[in-house]
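Shown next, in structure tokens, is the structure this report addresses.
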Amino acid sequence: EEAEDFHVEQFARAKRLARKPGPMLFLGLLLITLLASRDLLGGGSLTGGALLPAPSGAGELWDRVFSTWQDVGTGGDQSAPPYLGFLALLSTLLFGDPDLAVTLLLVGSVPLAGASAYFSSRPLVMSRLLRAWASVAYALLPAVTGALASGRLGTAVLAVLLPPLARAAVAATGYPTGGKGSWRAAWASALLLTVVTAFTPVIWPLAVALGGCVVVFPLRAGGALVKAKALRVAAVVLTPVVLLLPWSLSVLFSPGEFVREPGLPFPTADASA
């Protein structure tokens with residue numbers, strides 16, 4: 001009887017996990033990531049690959065954000081890259097430790113990407129187990145794991161925020177269901193696009209192109225519906241330009257900057273602790 005009760009309890013526990021695989025998905029990916037990157041989590045700072053040396057404290061990051069002179073190369077008066085502001089904010093929340101912020105963004109990118117894909121795909125896929133498998137496949141894509149291996153901070157942030165950005169953008173435009181869309185979703189996607197653009201500028205022209213297609217292609221829609229979609233698309237793609245001033249204007253006038261992201265242009269060494 002005790003054995004039967006034990007098996008029944010195990011079955012009930014497995015059934016509960018199958019109904020809510022989201023937490024187990026995150027913990028499983030986190031465990032895999034920690035095991036794969038155990039050599040990176042020792043003492044010292046995370047360096048190598050495309051990573052630039054992290055400053056000693058969050059104060060140095062804030063000084064760089066608000067400084068009118070950038071100590072890059074021979075120096076210049078160009079505006080600071082906006083990702084430094086987000087990194088400075090995260091470092092401040094983590095007790096002023098930029099090294100910890102960079103480590104969490106990189107090492108946490110794989111489990112966070114899986115979790116964001118799982119919860120963002122809820123309206124599209126009803127089966128929890130199927131969403132869990134698809135989310136694991138997304139989190140373990142070479143682009144995501146390669147970002148961790150080579151220290152690509154921008155790609156890591158993009159992998160985490162891309163699923164909720166795509167879900168918010170679809171809800172904002174009502175595409176492809178032909179619905180009216182939502183202004184709340186439009187502002188959510190605008191803020192997400194702002195953060196992603198700060199780390200990976202190339203996503204902004206892609207968003208502009210996709211937004212144009214959403215407005216132009218549904219030719220059978222009524223004029224009022226097309227106008228409403230156009231207004232929401234304009235709000236989404238123009239918000240990053242406004243919030244990331246004056247850096248955004250410098251990128252618009254130098255299109256080559258769109259393909260850059262935080263760090264060195266090419267990896268110089270394998271990431272090591």
Side-chain angles (χ1 to χ4, degrees), residues 23 26-73 75 78-116 139 143-162 164-165 191-192 194-201 203 243-244 247 260-273:
F26 178 81
L27 292 176
L29 288 174
L30 180 61
L31 179 61
I32 293 173
T33 305
L34 291 176
L35 290 175
S37 59
R38 59 187 180 278
D39 294 335
L40 307 180
L41 302 177
S45 302
L46 194 65
T47 59
L51 283 177
L52 292 171
S56 58
E60 294 186 26
L61 282 174
W62 288 118
D63 291 341
R64 174 79 183 277
V65 170
F66 296 108
S67 177
T68 57
W69 178 266
Q70 301 301 323
D71 189 17
V72 178
Q78 67 268 28
S79 57
Y83 76 87
L84 290 178
F86 294 104
L87 192 58
L89 178 60
L90 180 59
S91 301
T92 302
L93 296 176
L94 295 174
F95 309 101
D97 192 345
D99 286 329
L100 180 58
V102 171
T103 301
L104 286 180
L105 285 177
L106 283 177
V107 177
S109 61
V110 173
L112 288 176
S116 68
V144 183
T145 56
L148 170 59
S150 58
R152 294 291 182 184
L153 196 60
T155 305
V157 173
L158 174 62
V160 175
L161 296 184
L162 186 58
L165 173 59
L191 294 178
L192 287 171
T194 299
V195 178
V196 172
T197 301
F199 283 89
T200 51
I203 201 68
L243 295 182
L244 299 180
W247 171 85
R260 299 192 62 182
E261 67 174 279
L264 300 174
F266 299 99
T268 57
D270 293 331
S272 59

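The side-chain contact (heavy atoms from CB on, under 4.5 Å) test applied to Ser116 returns Pro163, Pro164, not counting sequence neighbours. Here Thr92 pairs with Trp62 under the side chain to side chain donor-acceptor pair (under 3.5 Å) rule; sequence neighbours left out. Applying the side chain to side chain donor-acceptor pair (under 3.5 Å) rule to Thr197 yields no partners; only residues at least two apart in sequence or on another chain are considered.
The closest side-chain heavy-atom distance from Thr194 to Leu244 is below 4.5 Å. Contact of the Leu105 side chain with the Leu87 side chain is registered, since non-hydrogen atoms from C-beta on lie closer than 4.5 Å.
Closest approach of Val110 to Thr145, counting heavy atoms only: CG2-CG2, 4.5 Å. Listed here is the closest heavy atom pair of Ala198 and Tyr83: O-CB, 3.4 Å. The two atoms that bring Ala101 and Leu94 nearest to each other are CA-CD1, 3.7 Å, heavy atoms only. Residues Ala88 and Ala58 share a closest heavy-atom pair of O-CB, 4.3 Å. Minimum interatomic distance between Leu161 and Val195 (heavy atoms only, all atoms of both residues): CD1-CG1, 3.7 Å. In this structure, Leu106 and Ala156 approach most closely via the heavy-atom pair CD2-CB, 4.1 Å.
Phe199 pairs with exactly one of Val157, Leu158, Thr155 by the side chain to side chain contact (heavy atoms under 4.5 Å, CB included) rule, that one being Val157.
Residue Asp97 holds its CG atom at 9.0 Å from CG of Leu104, rounded to the nearest 0.5 Å.
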